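See structure below.
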Amino acid sequence: MPIETDVAILGGGPGGYTAALRAAQAGCTVVIVERDKLGGTCLHRGCIPSKTFLRSAEVLATIRQAGEYGIGFAGDVEWGVDWAAVVSRKDKIVSQLHRALESMMKQNRIQVLHGEGCIAGPSIFSPRSGTVNVILPDGEMESIVPRHVIIATGSRPRRLAGLPYDGERLVTSDEALAWSTRPASVVIVGGGVIGVEWASMLSDFGTDVTIVEAAERLLPGEDADVSAAIAKSLTARGVRILCAARLDTSSCQVSEQGVSVEVEWQDQHIKLSAERMMVSIGRQGNIEGIGLENTEIKTNNGMIIVNPATLQTGEDHIYAIGDVIGGVQLAHAAMHEAEVAVRHMTGSSPDRVADRDIPRCIYSRPEAAAIGWTEEAAKTAGKQVKTVKMPMRASGKALVHGETEGFVKVVADAQSGDLLGVHLVGPHATELIAETSLAKLLDAVPWELGRTIHPHPTLSELIQETMQAAAQSVRHI
Ligand SMILES: Cc1cc2nc3c(=O)[nH]c(=O)nc-3n(C[C@H](O)[C@H](O)[C@H](O)COP(=O)(O)OP(=O)(O)OC[C@H]3O[C@@H](n4cnc5c(N)ncnc54)[C@H](O)[C@@H]3O)c2cc1C
């Protein structure tokens, strides 16, 4: 007998499990189909494992700087990196969160079906498509007949064609997370968020790191000041950064000794050799094998096309959310989209936040975070902008922490005084950005943020001061 339900969800990552919880809380019956483990990329191959490694690297960096804080090691104290213990801590945190997620599904009476889901032909609820067939691990098939379907099948690493990936020496970030030893040297292809986080983490662990980036600068989607600050910090720690570089994939060789590849950079032909190479050049949507051919759903460049306000696909009763629709491929974006889709399907106003106003975070050392327009994008869009930038070293708390790299930069509309963008580099930037996300939701202007009392001494004071300066500067234009 097929399972009749209000909502069937394909994929149990942050998009899928959030949609399941919200739909169940709204009184719907829900079946979530997951072919691997609940938690998706974020929990098993993304946010949580990578941040756990970054935290270990940060602790190591702090120990190395202990002398600056008046802390010395006397006698025969021995310390060093136990990579197996670093990995085991990561595994423990991931399984703890995985167990918590499974019990949350039970508490909310969400049925979890483990298997590969595929949208099939017509159902009693839709003359066109909508039955979801699930191939279970034992090869048997289960059918679901849902009123609504949410596709949340996520994404996987985009591969550079022509490279001889071997899963150990030449890998994507998925396999790098499973490395059983830390490489002595690595070439990272791609200087976006994932590449920069890995470069920061591995260099803190003592790995010799080279980044090869095709664009003119690291983090090409971020404000130029953010790129420059992160590049400066990594370079100072010995990371070699080759921007505007072209990788000759046909020259790439993998052997017992490691990986070698040739790169064209600044009119030179350079041969790079390292123990391992990681490719992080973006993500592609998981759109294959999910039955799109049985539907009116359209795709563009490997991503599902949706109505941006409601997240409905070409078929009104089928929604798509998260990485599989492209745009901002972040876990909190997927979770927000889940809420939007469920709100729409249950008759509430979806209220989707614009992609630009979703906070973007980079968990390198120093951290970086941003929301809204970059200075360049605002100018290119024809806006008259006023920017104010204050250095992190002006913050008493940053001095106390011993972490003074970075800045707060505010981009304001010179005519209306509106807040266009905020760019942070420095300690806890990824926490500090939340305040500006609230400001964007409330449509607050720099004056209001500058007027808000911030506790002293905190890093957040620097946001208040920069907002005050931005409010002054737009007032006096
Ligand atoms: C190294 C790395 C670090 C990251 N760090 C961060 C970070 O710090 N912060 C942040 O916000 N984002 C981060 N991300 C991005 C984040 O992981 C993704 O944006 C997020 O996981 C997307 O959620 P999703 O639900 O759309 O898809 P996913 O998390 O990819 O989940 C999709 C799920 O669908 C399942 N699935 C696919 N096809 C089927 C099918 N046919 N049937 C059944 N199940 C199926 C998959 O097994 C998977 O579990 C990182 C990503 C990577 C790779």
Side-chain angles (χ1 to χ4, degrees), residues 8-20 31-55 90 94 98 101 112-120 132-137 142 144 149-158 171-178 188 190 192-199 201 278-292 303-304 306 311 319-338 341 358-364 367-369 430 433:
I9 300 169
L10 284 189
Y17 70 69
T18 306
V31 180
I32 187 165
V33 184
E34 171 54 58
R35 66 181 177 191
D36 188 4
K37 287 185 192 156
L38 281 182
T41 303
C42 172
L43 181 54
H44 302 284
R45 294 172 299 281
C47 326
I48 299 297
S50 63
K51 266 79 258 181
T52 312
F53 282 169
L54 277 153
R55 173 67 183 140
K90 179 261 292 179
V94 169
H98 183 225
L101 203 50
V112 180
L113 262 189
H114 285 285
E116 184 96 28
C118 176
I119 301 172
V132 172
N133 289 333
V134 183
I135 308 291
L136 304 172
E142 183 88 71
I144 310 171
V149 179
I150 300 181
I151 303 173
T153 47
S155 66
R156 61 185 184 276
R158 199 174 281 280
V171 299
T172 67
S173 67
D174 276 5
E175 298 92 39
L177 278 166
I188 296 177
V193 178
I194 293 175
V196 162
E197 287 185 357
W198 273 85
M201 182 263 286
M278 184 187 85
V279 180
S280 50
I281 54 161
R283 314 267 310 166
Q284 71 185 79
N286 291 327
I287 55 167
E288 303 82 1
I290 57 172
L292 296 186
M303 304 292 176
I304 293 179
V306 289
L311 299 172
Y319 294 74
I321 59 171
D323 278 13
V324 76
I325 63 168
V328 181
Q329 290 182 309
L330 291 171
H332 47 277
M335 292 175 187
H336 171 62
E337 288 155 12
I358 293 172
R360 312 180 291 277
C361 294
I362 302 151
Y363 297 78
S364 48
E367 291 188 347
T430 59
I433 200 68

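Each ligand, and each atom within it, is numbered from 1 in the order the structure gives. Fair warning: this is a prediction, and the values are worked out from it, not measured in the lab.
Checked against a 3.5 angstrom limit, the closest N/O atoms of Gly15 and ligand 1 fall inside it. Between Ser173 and ligand 1, a contact under 3.5 Å exists for no N or O pair. Inclusion of Lys51 in the set of residues having an N or O under 3.5 Å from an N or O of ligand 1 is warranted.
Of the options Glu34, His332, Met335, the smallest heavy-atom separation from atom 33 (C) of ligand 1 is shown by Glu34. When the heavy-atom distances from atom 39 (C) of ligand 1 to Leu330, Thr153, Val193 are ranked, the shortest goes to Thr153. Considering each of Gly16, Gly322, Gly13, Pro14, the one bringing a non-hydrogen atom nearest atom 23 (O) of ligand 1 is Pro14. Nearest to atom 16 (C) of ligand 1 by heavy-atom distance, out of Gly285, Ala331, Ala334, Cys118, is Ala331. Counting heavy atoms only, Cys47 comes closest to atom 14 (N) of ligand 1 of the residues Cys47, Gly46, Ala19, Cys42. Comparing Ile135, Thr41, Thr18, Asp323 by heavy-atom distance to atom 18 (C) of ligand 1, the nearest is Asp323.
At least one heavy atom of Ala152 sits under 4.0 Å from some atom of ligand 1. Using a 4.0 angstrom heavy-atom cutoff, Arg156 does not count as in contact with ligand 1. The closest approach between any non-hydrogen atom of Ala338 and ligand 1 is not below 4.0 Å.
Using a 4.0 Å cut-off between heavy atoms, Arg283 contacts ligand 1 through its side chain alone, with no backbone atom that close. When non-hydrogen atoms are compared, ligand 1 lies under 4.0 Å from the backbone of Gln329 (N, CA, C, O) but not from its side chain. Using a 4.0 Å cut-off between heavy atoms, Cys361 makes no contact with ligand 1 at all.
Using a 4.0 Å cut-off to heavy atoms of Val33, the atoms of ligand 1 that qualify are 43 (C), 44 (N).
Residues passing the side chain to side chain donor-acceptor pair (under 3.5 Å) test with Glu197 are Lys51, sequence neighbours excluded.
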